[in-house]
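First up is the structure itself, then whatever we jot down about it.
In each ligand, atom 1 is the first atom listed, and ligand 1 is the first ligand listed.
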Amino acid sequence: MRKIKVLDQNTINKIAAGEVVDRPSSVVKELLENAIDAQATSITIEIKEGGISFIRITDNGQGIPKEDIRSAFLRHSTSKIDNADDLLTISSLGFRGEALSSIAAVSQVEMISKQPEDLTGARYIIEGGNEISFNEIGAPSGTSFIIRNLFYNVPARKKFLKSPQTEAGYIYTIIEKIALSNPNISIRFINNNTNRLFTSGNGDLKNIIYGIFGKDAAYQLYEINTKKDNVSISGYIGKPEFSRGNRDHETFFINGRYIKSTLISKSVEDAYRPYVMNHKYPFTVLNITMDGSLVDVNVHPSKMEIRIKNQEDFYDFLFRAVKEALQEKENIPQIREFHKPVINISTSNSEPFSFEKKDIEPFETKRIELIKETPSYNEFPVQQIEMFQDHFLDSKSVSRHRIIGEIFDTYWLVEFDEKLFIIDQHAAHEKVLYERVMKSLTDRTHTSQRLVIPMIVSLTMTEEDLLLKVMSQFQKIGYEIENFGGNEYVIRAIPDNLFSINTKELFLSILDNLAEDFKKNQVVENPFVLEKIASLSCKAAVKGNMKLTPMEVDRLINELLTLDNPYHCPHGRPTIISMSHQELSKKFKRIL
Ligand code: ADP
Ligand code: MG
């Protein structure tokens, strides 16, 4: 055994840094929270290369006293609590005193800070936890951090970073949340020299929602503003039809802190249940405030998971608040004009709105499943069902099919050759469409159908990034999508197979679905995305064309029999099952 020794502070910090700083977005999150805790009213975040090579965060807050600067970079140094008792009533975002020491341990940090009451500020440079310089300089009031070359001295960690674009995406997400929870703070975000977000800080949450989620979201909101005992809930929830395919648009804050909570999600989703389909999740931006002693934020180092005391009461209160807002929908007046748009996702295209340059950054000139839906095919006891494998789908047999009719809006019954065949029309239809789309993709014989009225969709920045990544796949399959200014995209044409389907819903569900895969780190590679687009399109197509006439069923069967594997839908469910005359007779005890 090697001799036991006490690790030096630098090594301890480097190890501890792993918990607080795992990627550029966590640096941004910590520094933003510090700026907010310092009472800043205007904050600028600038990144380059996804924050890997460069992050700058400039605020106009209280600044750090010169004599405290060195100690602010020590582990467990904080000005926010004195002892463990304070943890119960903490109102600041930070309190562990770990961020600066951790960030400095694994990057090259330059910090300039000046308190409003001081005449001069200080510039402090610390790299890999080692002080490089400390000197007095002239500076505007507030604090500016520049973080260069994250993990330059921890190559093992650097290897785990994703592409700059993906890292930038994580940063957007954090900034969006911070902007939504702080409508009174003007936030600007610059990525690779491009302005991506700018909020005016005029306190209007709806305007921030407009800027981040687009017009569609902003015009489909119900307001919630309610209070009971010492708990208050305010913010906006989306109309049920604006629900999405994953939880990315559920945003909750407790006492200004962005959090994730199964309890809160469940309570809100339960209230939406009567209004939305399974696997649809509501759009929400809700601020919850409650006595600090009722919530435990100290559960997880990233401080996102929380624990609420009096869970049942809280669940009930939130559930009712959401339910009432949804029930009262008819009474809610139209959303007023957005006279003072605040956010500008800057592009070179024509902007639908402009923003006021009211708060200028201090440091600059003084200075953004259908599968489950189909009733189980196991309606008969299993031994009485035989998976179909006969010559039912033989071109010679087709003329001897006797189509009996449709049951439960779902199944078609066909008699053939001493057997009753049951066709799941959704599964069969889906299979046929899927094969058609995939075939046209492989043969490059697809055609587009232009929409008479082009559809406009507003995307979040993350969705936009995703779309740009998979745009060529959408185009390959026959979609024509173009930027329409800002974060809006116009869909001008869709694959002709999919004509008459709700284009917008389909398009968004494809994006949501891809987003889930990206999150799980699945590859963006072409055949996969293509297949996904094809399969989801077909699913929607089938939903859109529920009623078939006997003639259409005949055609469907005819098409099925041209396929290599007609017996299973793209998701692996059977398309056809059968029950023999003999099985039926047994069932009625005609034979033994
Ligand atoms: P914590 O936020 O948990 O206290 P940090 O390591 O993030 O710990 O910061 C250490 C201390 O440095 C803070 O408590 C605060 O006093 C000071 N500080 C950090 N960033 C800023 C800032 N932008 N403006 C003013 N003070 C700051
Ligand atoms: Mg902090």
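At distances below 3.5 Å, at least one donor-acceptor pair connects side-chain atoms of Asn483 with backbone N or O atoms of Gly485.
Residue-ligand proximity, Ala72 to ligand 1, at heavy-atom distances under 4.0 Å covers atoms 10 (C), 12 (O).
Heavy atoms from both the backbone and the side chain of Leu100 come within less than 4.0 Å of ligand 1. With a heavy-atom cut-off of 4.0 Å, Glu33 does not touch ligand 1 at all. Contact annotation for Ala38 and ligand 1: only side-chain heavy atoms (C-beta onward) come within less than 4.0 Å of the ligand. Contacts of Asp59 with ligand 1, taken as heavy-atom pairs under 4.0 Å, involve the side chain alone.
A cation-pi arrangement is present between Arg188 and Phe198 under the rule of less than 6.0 angstrom and at most 45 degrees off the ring axis. Judged by the 6.0 Å and 45° rule, Lys158 forms no cation-pi pair with Phe151. For the pair Arg70 and Phe134, the cation-pi test (distance below 6.0 Å, angle within 45°) is passed.
Below 3.5 Å of separation, one finds no N or O of Glu30 facing any N or O of ligand 1.
Side chains of Leu508 and Leu459 form a contact here, defined as non-hydrogen atoms less than 4.5 Å apart.
Pairing each heavy atom of Pro183 with each of Leu180, the nearest pair is CD-O, 3.8 Å.
Using 4.0 Å as the threshold, Gly63 has a heavy atom nearer than that to some atom of ligand 1.
Distances from atom 22 (C) of ligand 1 to the heavy atoms of Asn60, Thr143, Ile69 put Thr143 nearest.
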